Amino acid sequence: MENNSPNFVRTIIKEDLESGKHNHIITRFPPEPNGYLHIGHAKAIILNFGVADEFNGETNLRFDDTNPIKEDVEYVNSIKEDVEWLGYTWDNLFFASDYFDEMYERALLLIKKGLAYVDDLSADEIREYRGTLTEPGKNSPYRDRSINENLDLFEKMRNGQFKNGEKVLRAKIDMSSPNINLRDPVIYRISHTEHHNTGDKWCIYPMYAFAHPLEDAIEGVTHSLCSLEFEDQRPLYDWIVKNCEMQHTPRQYEFGRLNLTNTVMSKRKLRQLVEEGYVDGWDDPRMPTISGLRRRGYTPEAIRNFCQEIGVSKAYGTIDSQMLDHFVREDLKLKAPRTMGVLKPLKVVITNYPEGEVEWLEAENNPENPEMGSRLIPFSREIYVEQEDFMENPPKKYFRLFPGNEVRLKHAYFIKCEEVIKDEEGNVIELHCTYDKETKSGSGFTGRKVKGTLHWVDANHSIPAEFRNYQPLIMDENPTEEEEEKTFLERVNPQSLEVMNGFVEPNMKQVNPQDKFQFFRHGYYNVDPKHTTKDNLVFNQIVSLKSSFKL
RNA sequence: UGGGCUAUAGCCAAGCGGUAAGGCAACGGACUUUGACUCCGUCAUGCGUAGGUUCAAAUCCUGCUAGCCCAGCCA
C-alpha cells in the first residue's frame with residue numbers, strides 16, 4: 001500500500017535535498033537495549049527507514065548502550081530480530097559503545113576549552129544546586145577548577161580511582177538558564193559495571209545528552225528523529241556538536257510518539273507486566289511488543305500500513321486500536337485460508353442422515369482469492385455447531401438455529417431444528433435436526449431461502465484444538481465512574497484471555513507454527529508457536545471479524 | 001507564577017492567503033452460502049477562543065484558554 005501523504009519530517013528532508021543542504025541523507029534508529037521493542041518503536045523504525053528509503057539515503061541501527069546497569073545482549077538480539085521481521089535492513093550496525101574512546105577525547109577537548117569540569121558534589125547536592133523550574137540554579141563550588149586539575153581528576157575517574165557517585169564530569173554552560181537541561185548537565189558518571197560490549201574497559205560512561213549528539217555526528221547522521229520529550233534537549237544537542245567541534249552537524253527533529261487506546265506503551269510498565277507475572281513473557285500475545293504482536297499473528301505488512309496511515313506529526317494523540325485491527329484484517333483477507341472451527345461445541349444429530357456414511361464436500365479455501373484452491377471436508381450424521389448459534393427462545397431477527405428453524409450449513413446442506421435434548425439441569429446438550437438432500441451446496445438449489453449460514457465441523461472426523469481469544473490487557477479508564485485515578489496495574493483486565501477447547505477440520509493436522517487462518521464467522525487466528533505441540537493445537541485470535549450482530 | 005511544545009469531525013491527519021484531502025469509527029442502503037467482504041450514500045458554513053489585517057484567513061498579527069513535556073549521576 002503506497003501512502004504519499006506528506007508529513008513534516010518528509011517535507012524538511014525534501015527541502016534539504018532540494019536546497020542542496022544535503023545530497024544524501026542518513027537516519028538512524030537508536031534503541032537502548034534494555035527491553036523489547038513495542039509498536040511505538042515500530043512507528044519510529046518505519047519513519048526512519050521509510051524516509052531514508054524514499055530519498056535513497058541510509059539508516060543505521062545503533063544501540064544506545066551507554067548505561068551498562070540496564071542493558072543486556074538478550075535485548076540487542078531481540079531488537080535486531082524485530083527490526084528484520086518488520087522488513088528492514090540496516091545499512092550499518094553500530095553501538096554507542098564503539099565510540100567510547102572518541103567520546104572520551106571529546107570530553108577532554110571540552111575540559112581543555114574550559115567548557116567542562118569535574119564536580120565533587122553528591123547527586124543530592126547537584127539537585128539542590130540545580131534550582132527549580134521557576135528559580136535559577138547556583139554554581140557548584142567546584143565549577144572553577146583549573147583546566148589542569150580537571151584533566152587530572154577526569155583521568156583519575158577513568159582510571160577507577162573513585163567510587164561510584166564520587167565525582168562527575170559536567171558541561172559548563174549556564175546555571176541560570178530557563179532550560180534546565182543547560183544548567184551544567186552531567187555528561188560523564190562513574191559506574192564500576194561490566195558492559196555487555198566493552199567488558200571492564202571503562203568505569204566511566206557518558207550520559208545520553210552528551211553521547212547521543214556525538215553518536216549522530218560521528219555517523220554523519222543528517223536527520224536525527226526522536227520523540228517530543230527531547231525537544232528541550234535540542235539546544236544542548238546543538239551545543240555539544242558545536243563545542244566538541246564535530247565535523248558533521250546532525251539536526252534533531254521531534255515527532256509525537258504513538259499511543260494506542262487500551263494498552264500501555266512504556267518499557268517500564270511492560271517490564272512490570274512481565275516481571276510480576278501478568279503475562280507469560282515479553283512475547284505474550286496480549287503485549288503490544290513486536291514479539292507479542294508477532295506471536296499473536298499480526299503481520300509486518302499490517303503494522304507498516306498502519307504506521308503509514310496514522311501519519312507523523314507533533315500533536316499529542318491516542319490512536320483508536322480499531323485502526324490497527326482494520327489493517328490486520330485488510331492484510332489477512334486475501335492471504336489467510338478460510339476454514340471452519342467450532343470454539344464451543346454443541347452436538348447436532350442429523351436424524352435422517354444414514355448412519356455410518358461419510359461424504360466429502362468440496363470447500364473453497366478463499367472465495368476472494370480463487371488461486372488458493374479448494375479442499376474436501378467430511379460430513380456425516382453427527383456434527384458440532386457453535387453453542388451460541390442455537391437459542392431456544394430467540395429474539396426477533398435471530399437467523400440461527402431455534403426449534404423449527406432452518407439454516408444453511410456452510411458448504412453442506414440446509415438443516416432444520418426438530419428437537420432439543422437437555423440434561424437433568426436443563427442445559428441444552430444436543431440438537432436433533434433433519435437435513436434436506438436437495439439443498440446440497442453447489443447443487444444450484446433455489447427452492448427456498450434461509451437467513452442464516454452456520455459453520456460446523458464433523459463430529460467424528462474433526463480434531464480437537466485449543467482457541468485463545470483475547471481482550472485488551474489494559475482497559476482505558478471509564479469516564480463515567482471516575483473516582484480515583486487508577487494505576488495501570490489496577491486497569492489490568494482479568495478477562496483478557498479466554499481459553500476454549502473445540503474442534504477444527506481434519507486437514508488442520510499438518511499446520512505449522514505462525515500459520516494464519518480465518519475461522520469462518522469468528523476471525524483470524526495464528527498457530528501459537530510457543531504452546532502448540534504435535535498433539536495440542538493452539539490458535540491465537542489475531543483479530544475478530546467485524547460484526548453488526550447484537551442480541 | 002521559568003522554559004519548550006501542541007490545538008482541524010468521535011479517533012488519527014492533510015492543508016503553508018483563494019473558500020476544509022484521506023483513513024479509522026459511526027450511520028443508512030444494495031449485494032451476500034461468513035450478521036464478514038464488496039459496493040453506494042451520509043458524516044466540520046467549520047479549523048481551541050476573542051479580536052485585528054486583507055477583496056479574501058485554518059493559514060498572517062495580537063490577546064486569552066486548555067493540554068503535554070522538563071528540576072535522573074535514565075534514555
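Fair warning: this is a prediction, and the values are worked out from it, not measured in the lab. Note on naming: letters A, B, ... go to the chains in the order of the sequence lines (proteins, then strands), and numbering restarts at 1 for each one.
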hbond_proxy Asn179(A) side chain to G4(B) base (donor-acceptor, 3.5 Å cutoff): no

Of the candidates C70(B), C73(B), C37(B), the side chain of Lys333(A) sits closest to C37(B)

Of G15(B), A75(B), C5(B), the nucleotide closest to the side chain of Lys314(A) is C5(B)

query = Does Tyr316(A) get its side chain close enough to the base of C5(B), under 3.5 Å, for a donor-acceptor pair?
reply = yes

Describe, in one word, how the ring planes of Phe467(A) and Phe519(A) are oriented to each other, choosing from parallel (under 30°), tilted (30 to 60°) and perpendicular (over 60°).
perpendicular

Across every strand shown, the nucleotide meeting Watson-Crick or G-U wobble geometry with A57(B) (both distances under 3.5 Å) is none

| query | G51(B) and A57(B): how far apart are their P atoms, nearest whole angstrom? | reply | 14 Å

Out of G23(B), C12(B), A75(B), minimum distance to the side chain of Asp64(A) belongs to A75(B)

Phe327(A) has its side chain closest, among A14(B), G23(B), A36(B), to G23(B)

Next on the checklist: Counting only side-chain nitrogens and oxygens, does His411(A) get under 4.0 Å of the OP1 or OP2 atom of U33(B)?
Outcome noted: no

Regarding the side chain of Asp232(A), the nearest nucleotide among C74(B), U33(B), C70(B) is C70(B)

_Regarding Arg28(A) and Asn48(A), do their side chains bring together a donor and an acceptor under 3.5 Å, going by distance alone?_
no

Per the glycosidic torsion and the 90° limit around 0, nucleotide G4(B) is anti

When both distances are under 3.5 Å in a Watson-Crick or G-U wobble arrangement, the nucleotide paired with A66(B) is U6(B)

Separation of G4(B) atom P from Leu236(A) atom CG, nearest Å, is 16 Å

Exercise for review: Pick the P atom in A21(B) and in G15(B), then give their distance to the nearest Å.
Suggested key: 14 Å

| G72(B) base / Arg127(A) side chain donor-acceptor hit below 3.5 Å | no

Quick note, Lys397(A) side chain, CB onward, closest among G35(B), C74(B), A75(B) is G35(B)

Distance between the C1' atoms of A13(B) and C39(B), in whole angstroms? 26 Å

